[in-house]
Amino acid sequence: MATSTASPATTSTTAPRATSRWKGVALVGVLAIALVVAPLVSSPYVNYQLSSIAVFAVAILGLNIVMGYTGQVSLGQSAFLGLGAYIAAYGILHDWPGPLTLLLCAVVPAVVGMLVALAAARLRGLALAMITLALPIVGVPLARRFDEFTGGSQGQVVSWLRAPESSGLANDQWRYYVVVLIAVVAFALARNLVRGRIGRSFAIVKENEAVALSMGVSPYRTKVLAFTIASLLGGVSGFMYLAVVQYTSPETLVFATSINLVAAMVIGGSASIVGTALGAVYYVLVPVLAGQVNSSRTALISGVVLLAVLFLLPAGLVSLPRRLARLRSSRRRPAHPPAHPTTSDEAAQTASAPTAATTDQHS
Amino acid sequence: TRDSTAGGPGADDSASPGITDDSISIGISSPLSGATAGPGSCTIAGLDAYIEAKNAAGGFEFGDGKTRTVDFTYLDDVYDPAKAVSNFRQLLNDNIFAYVGALGTPTNAAVMPIAEEEEVPQVLLTTGARTFSNDQEAHPWTTGFVPTYATEGRAFGELLANANQPLTVATLAQNDDFGESYLDGLNEAIEGSQVQIVASATYEPTDTTLDAQVTELAASKADVLLSAVSVTPLQVGVLTKAQSLGWLPRIFLPSNTSTPGTILQPGGAAAYPAVYTPSFSKNPNSPAFANDEDVKAYLDAFEKYGSKIATTYTPHCAWSYAEGAVLDEAFQGMEEPTREAFMTSLKSISGFQAPLLLDGITVDTTTDDDAAIADVQLVQYDGQAAFKPVTAY
Amino acid sequence: MSLLELEDVTASYGHAQVLHGISFSLPENGATGLLGANGAGKTTTLRAISGTVRTTGRILFEGRDISGLGPDRTAHLGIAHVPEGRGTLGQLSVRENLLVGAYQRKDRKQIATDVDYVLDLFPNLQERVRSNAAALSGGEQQMLAVGRAFMAKPRVILLDEASLGLAPSTARRVYDAVVRLRREAQVSMVVVEQNANLAFSVVDDATVLETGRVALHGSRDELMGMDAVRRAYLGG
Amino acid sequence: MTTTTGTEAPDAALSVRDVSLRFGGITVLDGVSFDAPRGGILGLVGPNGAGKTSLFNCISGHYQPTAGSILVNGTETVRTRAWRMAQLGLARTFQHPALRLDATVLENVMLGAHSWLPGGPVSWSLRLPATRRQEREARATALELLDRTGLAWAASMPADELSHGLHKGVELCRALLSRPRLLLLDEPAAGLSHGEVEALIGTVREVRREFELTVVVVEHHMGLISALTDRVVVLDHGAKLMEGTAAEAQSDSRVVEAYLGKEAAADESA
Amino acid sequence: MSYFIQVVVDGLSNGAIYAAIALAIVLVYRATALINFAQGGMAVAATFVAYALTQAGVPVLLALIAAVVFGFVLGALLERGVMRHFEGGDPDTAVVATIALLVILSGASAFFFGYEPHPFPSLFPNKTIGVLGVFVSLRSIGTIAVLLVVMVGLQLLFQGTKLGLAMRAVADNPRSSALSGLPVSRLLMIGWGLAAALGAIAGVLVAPQLFISPGMLDFVLVYALASAILGGLDSPIGAVVAAAFIGVIENLAGAYLDFIGDDLKIAVPFIAVIVILVVRPQGLFGRKVTVRV
Ligand SMILES: Nc1ncnc2c1ncn2[C@@H]1O[C@H](COP(=O)(O)OP(=O)(O)OP(=O)(O)O)[C@@H](O)[C@H]1O
Ligand SMILES: Nc1ncnc2c1ncn2[C@@H]1O[C@H](COP(=O)(O)OP(=O)(O)OP(=O)(O)O)[C@@H](O)[C@H]1O
Ligand SMILES: [Mg+2]
Ligand SMILES: [Mg+2]
């Protein structure tokens, strides 16, 4: 904010914004290079973990759209993950072309999600949670029942997505590139989506449906849209799951996975794209780390870690930089501002912006 | 591409990863938390007890004349296939030599193709699913240890068929491969006999009670109830519910849910005319085996090492202890420090009387279509805390 | 001796400090006003007193420093805060809202009479006594919020734009009731009110806030005599 | 769905015809009728609980009237879904400001552009050039509106850092950004000080002229009503008590009795 | 006919299990406006205390009382030590905090008692009575009787007492309640304490059937949640009626609809719940939440 009333507000706000934009671009560049290089220097195990992060990142992304951004509790994301994985398995085992399979993994869950939402979006809060919760609960026995499509409780092993000879890559590297590419595309599209018109409609439906109505936003349609996108992304993550795990069974869609995805979403940062990715990292890595500490106590350890993170960062991992910055600044600044007349003056100017603004306008 | 097999440190060129001149590392991933954690931790605890005890006694002797200690790494997969794959990859990354004894059908099924591809032994699995044992040519790196569920089912079927009377059977089976294989085995054995299945029901492991199923089956008034239920409270519920409905058939229970202390006594099984179960291992807690040397050794080792991993006993604790002995046997026959040599040795064990196995039950890994233990003995509940042998219906 | 005294009170939301050393005092059975433009810090001052915002400085109530006490504690001491905006419990009925207002009190019989008094004062509420508070009109909710504060039988009442959304006649009635409360029950009050005509009809003196600081303090008559004050708050 | 009635009040931006509204046993509105002439400013006053906000809710589609019809720019809208009303040129503010408190003021205002910004989820996730251009335009307009209401300084502040009184202004900007032709204001002056009310009057007059708006305003601030409105409709207990100019209303004995109170009327005229 | 009645009776005794936990969910919801996943974990932890005591030879009834006291203290402490931190923040964060608590509590239970189920002695005689070919266990009858008492008690608490009113006020709007001098923190603590105490009762009632293990209530919780929501979330009577409905309809579907079978019968109550909720979003006995613009 403007620290001196004399300097026009525009320059003082755009200057830091421009540098932060450059910082952002640089960060994205570094990240992109890291993403490309990582699999080349990592073991198959590390690549498996990185690929898993991409898989669950997309599942959590969908969840974040419907829950974080639009405020509609969904306890059914694992059902779409499982559905996508089953469709992918069926497609691969029946020699459908890969891109077509991916398309169906997106479209079919999206349609199913939309149909569910057409009924469910009339509800809100816990009634809605109830409906979404039923999806994995009913989905598991359904998957067992239709074993000619799903392989029943034995599940289905699908060995596919081998690196083409010409690529010179190992299978794990190749699979990594495939899933990370899909994830990057999904993230880019989602990021655009939540920024503009549609994103604002999500946000206002979360905040206040009456206002949404008066601004020309149909809460019902918006919720159906959010659910559809969430299911679509869930389905896509199912495809990615099959690409990475090469196996699917009713265990893929159990309710517990949904709950863990919700926890990961909140831990990463609800209504945040970066938070989504961090949530996926958390989802995949914390059990691994817990296993390193003590394999017999993974539940206890993950629970404690979960709670600890929530304690320190209630707004999610994504708020860590902000939190650190705040800690640093509060350490620099005395707890009782009056001790330092100039700082308190500045604060006064900030807090009393109306007067500051008027002087701006008239000077 | 990159080198798929980097040799472990200290190993000479010909050795497989995970083995040196004085140590060998093996790993396992089983559920250590969540609903299946009880059996899951036992699959680790028993094996660990055997290994640690042997290590403490100087180590394992190998066919190549060296003595090695075993490094044992175990991980938790919460019965989640994706986590099992992750764990398996992690273990490979940590250079394990072999993956031994893991519990769980979906988790092992997900691991199997990777084991085949990476040519890593995934052996002596503590799961009775047939997939891992019935076609070992197709997946030469994988073997099952405990009798398949079908073997158990078949044993029942044979007893019934051999009774040579018209018998009616009601079946209650878990709605997955466990239940299905059980029924498959039963059906194979009773084909063409006078035995007839007159009612059948299934259940989900997540059900809270099976009262409805038992009520339905009771209406058939069948002579025999095969209760292929793998969940302790549900199995107890079946036993109590059937008698409360005044239905007292002869009962068949699977080997993993027939422990007197936790199932039969709470379920009031003494009320039934007969309760049968297939058995292949000694129950170390049973007074009948209190003086057994194997049992004493087991209890000793378990007390020292296993009890920090599993706090409650399930039969899997005893089974995985026996697994340790089979592993030992395989090491003894292993002439080179390679996985190939290990598999060759492992697959040539026959007639081996592993500790804790019942007299007459032996380990035979030479067949290509069955688990290492291919036989069971039927035993009958004596109404208190133990079983007695059965010969006829 | 003054009943309530603020000494150099600051307050902040997160890292934004909005009060920069406010001091004023309220005598026993007194009525003082707070005036100021939007964002001057009137609401925040009341929040500082009732303990719903982080503060420094001293807030003395009956000679005892109450800064740092939470709203439930200050309410317990006899400070009733009618907050700005919706101050009701939406999913509770009108009657239940009033009973919650009397939570601190032990005199059960008297509570029933007081509920009747409030319902009498606001016939709208009487008609809606079983409705959920959330169903009420904006003005009716405001009445309920004021009624709830009355139910507490406080020593001091903090009124934050109590006339907000009230019809002129109703607003008048609220302030008449407030005056009566002061006269009959010796309740003291701090009044924030944009409708300065109403405010000046109840207060003895007032403090004018500007960007979180005291700009002016004076008795009612002094202030009403000042041109600047008349122009900004009274019109004309 | 579109029934144009050419017969009565052809130039009413809003016609309310015999509108009744009941909740369970409660009659909230009882056969209310009036017209709001195009380009004018109509005041809607009445005691608390008279049904003013409920009437707004009926017009904006948040409530479904039990009986009666409502024409907005000649179109019958009683069965129209609330979220379509914005496309018909209707915008409103709320008695209790309803903003996204964690979002910036500008983001809040930008929501107003929803009804006219083009494109669905696909074009927005692809950031097609057309959507980007329109978004930029909307942003510019939003800033302009904030500037006009004296809130430009707050554009990038989170809404919860603004005091209560200023939220009203943000809501007004949001409503204006939707390019309305009929604007419903519910107690816009509540919580504003005298000077701020004057400013508000100026702003409303200005935007009405510039955007050719029809305005209906609910307000208890009689000063604002007198200064701003051409006509007022007085509601009491859900029924129309009278209609006329502000001055007529203030001198009407029924209105004084039901609404203003005797002393208040005296105050106001003083 | 007697088969039909038997199926219904079996369904009711299943329903009793769901109802026990559903009542606890209703209690927390009314007292804290939160869906509390830790509910199951607290109930299990308290039941384990009762288990440990019965193992040490304490009579079941005494063990139950001890568990109730322990539950109350545990619930209150968790609120005080953990949940208070999340008050006034994003409700999603608070819900995930309860998930964390659930994981920790069951992890801790497992730490002491392992994951395997243990038999648990019943409060009521382990007998079955038969009337006209229909058999009911005394345990089920006893469970239902206790539940009905609890249900009435809860209803009275919320509708007829000052404490109940205060808890509802706090759940509705803690800030506004504080301004009337309601000790918000203490009331939330009491709410959590009562919920966990009730969880202890529920746990002791259902443990003889389910056997006690850290995961004893994991799946029951799902049914209980469905019951509580179908009942209307703020209605104890609704929760019990809904739980009975769910128990019975599930059993009937399994018994009489062949294409449904034992595997998919779980779908029937959930689909029924969904249909009912779509028609009546506030649930069977719930009051409509009033929202106004
Ligand atoms: N939750 C908050 N977070 C940050 N800043 C806030 C918050 N609430 C108020 N403020 C700021 O504190 C200052 C004082 O606000 P306050 O609500 O006390 O003003 P007020 O005098 O009551 O104004 P009004 O007449 O509009 O009600 C304002 O500048 C406002 O922006
Ligand atoms: N959704 C609803 N459910 C029940 N009653 C309602 C509902 N909406 C409005 N009412 C009732 O209708 C009456 C009129 O309310 P409305 O909000 O329209 O009044 P108003 O004229 O705007 O009053 P105010 O000036 O106080 O804002 C009130 O008594 C209110 O209780
Ligand atoms: Mg204020
Ligand atoms: Mg109104």
How far does [atom1] of [X] sit from [atom2] of [Y], to the nearest 0.5 angstrom?
| X | Y | atom1 | atom2 | value |
| --- | --- | --- | --- | --- |
| Thr215(B) | Asn251(E) | OG1 | CG | 7.5 Å |
| Ile266(E) | Asp207(B) | CD1 | CG | 7.0 Å |
| Leu245(B) | Phe135(E) | CG | CZ | 6.5 Å |
| Arg139(E) | Thr240(B) | CZ | OG1 | 6.5 Å |

- Item | Leu234(B) portion near chain E, given a 4.5 angstrom heavy-atom threshold |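 Answer is neither: Leu234(B) stays 4.5 Å or more from chain E.
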- Segment of Ala37(B) engaging chain E (4.5 angstrom heavy-atom cut-off):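 Both the backbone and the side chain of Ala37(B) come within 4.5 Å of chain E.
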- Task: State whether the number of non-hydrogen atoms from other residues, nucleotides or ligands found under 6.0 Å of Lys221(B) atom NZ is greater than 12.
- Result: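 No - once you tally the heavy atoms of other residues, nucleotides and ligands closer than 6.0 Å, there are 12 at most.
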- Among the listed options Ala201(B), Ala219(B), Ser244(B), the residue most often paired with chain E at heavy-atom distances under 4.5 Å: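 Most heavy-atom pairs within the cutoff with chain E belong to Ser244(B).
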- chain E: which of Val236(B), Val231(B), Thr262(B) shares the most heavy-atom pairs with it under 4.5 Å?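 Heavy-atom pairs under 4.5 Å are most numerous for Val236(B).
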- Could you go step by step and tell me if Thr232(B) and Phe211(E) meet the side-chain contact (heavy atoms from CB on, under 4.5 Å) rule? CA-CA 8 Å; Thr232(B) 302; Phe211(E) 278 43; 4.1 Å; yes
- Query: Which pair of heavy atoms, one from Lys265(E) and one from Ala212(B), lies closest together, and at what distance?
  - Reply: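 Smallest interatomic distance, heavy atoms only, reads NZ-CB, 3.9 Å.
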- Best-contacting candidate, Phe219(E), Tyr18(E), Phe113(E), against chain B by heavy atom pairs under 4.5 angstrom: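 The option with the most such pairs is Phe219(E).
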Which bit of [X] comes within less than 4.5 Å of chain B, counting heavy atoms only: side chain, backbone, both or neither?
| X | result |
| --- | --- |
| Leu210(E) | both |
| Phe112(E) | neither |
| Pro119(E) | side chain |
| Ser13(E) | side chain |

Quick one, [X] and [Y] - any side-chain contact, counting heavy atoms below 4.5 Å?
| X | Y | value |
| --- | --- | --- |
| Glu216(B) | Gln6(E) | no |
| Tyr115(E) | Thr312(B) | no |
| Pro39(B) | Glu116(E) | yes |

- Check each of Val206(E), Leu217(E), Val220(E) against Thr208(B) using the side-chain contact (heavy atoms from CB on, under 4.5 Å) test, and report the only one that passes.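 It is Val220(E), the one option of Val206(E), Leu217(E), Val220(E) that forms the side-chain contact (heavy atoms from CB on, under 4.5 Å) with Thr208(B).
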- Show your working on side-chain contact (heavy atoms from CB on, under 4.5 Å) between Asp262(E) and Asn175(B) and close with a plain yes or no. CA-CA 9 Å; Asp262(E) 295 320; Asn175(B) 177 32; over 6 Å; no
- Looking just at side-chain N and O atoms, do Thr202(B) and Asp263(E) make a donor-acceptor pair shorter than 3.5 Å?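 Result is no, nothing qualifies.
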- Before giving the answer on side-chain contact (heavy atoms from CB on, under 4.5 Å), spell out for Lys241(B) and Asp10(E) the whole-Å C-alpha distance, their side-chain angles and the decisive distance to 0.1 Å. CA-CA 10 Å; Lys241(B) 183 70 185 177; Asp10(E) 289 347; 2.7 Å; yes
